[in-house]
Amino acid sequence: MSFPEMNRRSALKAIAGGLAFPFVARAGVAPPSETLNHASFGGSGMALADIRSLTASPHVRLVAVADVDLDRTAEVKRLFPEVRVYQDYRELLDSEADLDSVNVSTPDHMHAPITREAIRRGLHVYTQKPLTQTLYEARQLTKAASDRGIVSQMGIQIHSHPVHKAVVATVHDGAIGKVREVHSWSGKQWGDRAPRPDRTDPVPEGLDWDGWLGVAEERPFISGWYHPGNWRKRLDFGTGTFGDMGCHILDPVFSALELTAPTEVRSEGGAPNEHSWGLDSVVRYTFPASPRTVDGFTLTWYDGDRRPPEEVAALIGDRRLSDQGSIYIGEEGVLYSPYIDAPVLLPAEKFMDYARPGPEGDDHYLQFVEACRGNGETSTPFSYAGPLTEMVLLGCLATRFPETSLAWDAEALKVTNLDEANRFVRREPREGYRVEGL
Ligand SMILES: NC(=O)C1=CN([C@@H]2O[C@H](COP(=O)(O)OP(=O)(O)OC[C@H]3O[C@@H](n4cnc5c(N)ncnc54)[C@H](OP(=O)(O)O)[C@@H]3O)[C@@H](O)[C@H]2O)C=CC1
Ligand SMILES: O=C1CO[C@H](CO)[C@@H](O)[C@@H]1O
């Protein structure tokens with residue numbers, strides 16, 4: 001680690017301790033007694049929810065917020081009158097020399113550059129899902145977090161929920177044996193078949209539109225089309241329904257089945273148009289066998305109006321198929337997991353006397369805070385969240401090439417049988433928003 005890579009607070013700690021480079025595994029982990037100086041990227045929407053959850057700990061002091069839309073910072077200023085508000089994330093990072101930790105809760109396209117810069121400064125990072133917007137960025141953040149030894153956590157709070165933990169524990173307990181297939185779905189519709197409206201609207205006074213665009217190409221502001229929220233539907237900013245909900249819904253699948261990178265992915269549903277993600281995706285992955293799966297295990301994702309086929313839905317009998325969830329088909333039984341609801345083991349008679357694991361939940365945010373203070377570990381560090389995000393983003397990429405089986409070489413981060421697919425593995429950031437290491 002080079003000295004300029006240390007943040008000032010860490011450097012002072014190091015010097016005070018009489019050591020030039022004392023941080024081998026984790027740079028600048030605060031001692032347990034210390035209150036973290038924390039900054040948020042994003043001041044409204046999910047960012048505000050993240051701020052509230054993190055500052056529920058008495059050991060977190062919110063000192064700064066960056067938000068490109070100053071019109072959306074009134075509430076955070078009301079709640080934290082002392083907070084310093086910036087409009088440009090780069091200015092915040094350059095000005096706030098005493099930070100320990102940050103949350104990155106902006107739209108997806110800015111997760112990577114902001115998180116990468118925070119890591120470079122040795123700050124602990126809580127980054128919203130999906131970790132990044134491209135596969136390459138996910139790989140780079142995973143590596144950077146590990147090289148720099150910071151504490152990291154992705155914002156998939158369901159990972160720490162008792163229901164998620166129960167699904168994982170039940171599969172690990174062997175209740176349904178080795179798993180042959182999983183079918184997962186979300187009824188959300190973060191896509192758009194309509195063309196981009198041909199108009200330019202005035203940029204609202206408080207919004208720095210260039211800053212909002214960040215790494216993406218310049219374009220006219222269109223009211224309601226991007227900001228806030230609808231950026232999820234747009235190719236350059238969001239990741240469609242799959243990217244939006246996949247990191248939540250496939251998270252228990254990924255950890256319960258101890259999946260590694262898929263070897264093949266195929267889209268059989270809707271495709272994007274020139275500007276927006278498609279609707280009604282169906283994407284099937286093939287994985288190498290894991291200790292929890294059979295050879296040839298497949299995972300299929302459905303969204304919008306698409307759902308698992310009748311013979312799969314029939315496995316849950318006359319129960320209602322929830323709007324979001326998963327069905328795990330094992331060699332010895334079926335596990336139906338409605339999203340954030342108790343898992344159901346089937347056939348019911350077989351599991352009547354089964355002692356279901358009932359693990360306790362955890363607070364995903366406080367887990368991060370405590371890990372930054374040297375107490376315990378996070379449960380979704382980038383070493384876990386990076387590969388999970390890569391899997392999800394590979395599915396998003398596949399929707400661009402319907403009815404085509406893409407062979408994936410995860411180590412090389414490359415589609416090996418269709419070269420044109422590889423231009424979507426990585427993005428070229430706009431001049432002025434390039435960040436070292438991405
Ligand atoms: N884990 C979960 O359960 C949830 C996670 N999310 C995730 O949170 C993220 C944000 O989503 P959401 O809040 O709904 O989106 P919004 O568009 O409503 O808000 C995004 C926030 O980021 C700010 N922002 C945008 N660009 C920048 C920038 N360059 N620098 C600093 N701040 C910026 C926004 O400011 P402005 O007002 O100017 O846009 C706003 O405060 C997404 O990645 C989403 O996937 C969202 C909901 C739930
Ligand atoms: O959990 C979530 C709830 O819904 C939001 C919108 O679809 C998501 O962005 C979010 O991750």
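When a ligand or atom number is given, it counts from 1 through the structure's own listing order.
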Heavy-atom contacts with [X] under 4.0 Å: which atoms of ligand 1 show up? List them by number with element.
X      : value
Val68  : 24 (N), 25 (C), 26 (N), 27 (C), 28 (C), 29 (N), 30 (N), 32 (N), 33 (C), 38 (O)
Gln128 : 1 (N), 2 (C), 4 (C), 5 (C), 6 (N), 7 (C), 8 (O), 43 (O)
Asp69  : 36 (P), 37 (O), 38 (O)
Gly229 : 17 (O)
Gly42  : 22 (O), 23 (C), 31 (C), 32 (N), 41 (O)
Gly155 : 1 (N)
Gly211 : 29 (N)
Gly45  : 13 (O)

Exercise for the section: Anything with a heavy atom under 4.0 Å from ligand 2 counts, so go ahead and list those protein residues by chain and number. Expected result: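 Lining ligand 2: Lys129, Lys188, Trp190, Arg232, Asp244, His248.
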Problem - Any residue meeting side chain to side chain contact (heavy atoms under 4.5 Å, CB included) with Thr286, in chain and number order, not counting sequence neighbours - result: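 In terms of side chain to side chain contact (heavy atoms under 4.5 Å, CB included), with neighbours along the sequence ignored, Thr286 is linked to Thr263, Glu264, Thr298.
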Problem - Residues in salt bridge (charged side-chain N to carboxylate O under 4.0 Å, His left out) contact with Arg139, at least two apart in sequence or another chain - result: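 In terms of salt bridge (charged side-chain N to carboxylate O under 4.0 Å, His left out), with neighbours along the sequence ignored, Arg139 is linked to Glu390.
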Practice task
Check if His248 has a non-hydrogen atom at a distance under 4.0 Å from any atom of ligand 1.
Solution key: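 Checking ligand 1 against His248, which is what was asked, there is a heavy-atom contact under 4.0 Å.
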Exercise for the section: Mark the output for Gly43 as yes if a heavy-atom distance to ligand 1 is under 4.0 Å, and as no if none is. Expected result: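 Judged by the 4.0 Å heavy-atom criterion, Gly43 does count as contacting ligand 1.
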For [atom], what is the closest protein heavy atom, and at what distance to 0.1 Å?
atom                    : value
atom 46 (C) of ligand 1 : Arg232 NH2, 3.3 Å
atom 16 (P) of ligand 1 : Trp231 NE1, 3.8 Å
atom 19 (O) of ligand 1 : Arg72 NH1, 3.8 Å
atom 35 (O) of ligand 1 : Asp67 OD1, 2.5 Å

Practice task
Mind listing the closest non-hydrogen atom pair of Val65 and Leu62 along with its distance?
Solution key: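 Val65 and Leu62 have their closest heavy atoms at CG2-CD2, 3.9 Å.
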Practice task
For residues Pro381 and Gln153, report the shortest heavy-atom separation together with the two atoms involved.
Solution key: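 That closest heavy-atom pairing would be N-OE1, 4.1 Å.
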Within the 4.5 Å heavy-atom criterion, are [X] and [Y] side-chain neighbours or not?
X      : Y      : answer
Phe368 : Met154 : no
Phe382 : Thr127 : yes
Tyr328 : Val334 : no
Phe297 : Val182 : yes
Tyr89  : Met110 : yes

Could you tell me whether [X] and ligand 1 have an N or O pair separated by under 3.5 Å?
X      : value
Pro107 : no
Tyr89  : no
Met110 : no

Should the proximity of [X] to ligand 1, defined as any heavy atom under 4.0 Å, be assigned to the side chain, the backbone, both, or neither?
X      : value
Lys129 : both
Met46  : both
Ser105 : backbone

Practice task
Only pairs at least two apart or in different chains count here, so list each salt bridge (Lys or Arg N to Asp or Glu O under 4.0 Å) that has a residue in residues 359-368.
Solution key: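 Checked against salt bridge (Lys or Arg N to Asp or Glu O under 4.0 Å) - neighbours excluded - no pair reaches residues 359-368.
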Do the side-chain N and O atoms of [X] and [Y] include a donor-acceptor pair separated by under 3.5 angstrom?
X      : Y      : result
Asp303 : Ser186 : no
Ser53  : His364 : no
Thr73  : Asp67  : no

Exercise for the section: Ignoring hydrogens and angles, tell me if any N or O in the side chain of Ser276 forms a donor-acceptor pair with the backbone of Asn273 under 3.5 Å. Expected result: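 Not at all, since once roles are kept as given, no pair shorter than 3.5 Å links the two residues.
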Practice task
To the nearest 0.5 Å, tell me how far Tyr86 OH sits from Asp94 CG.
Solution key: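 It comes to 9.5 Å.
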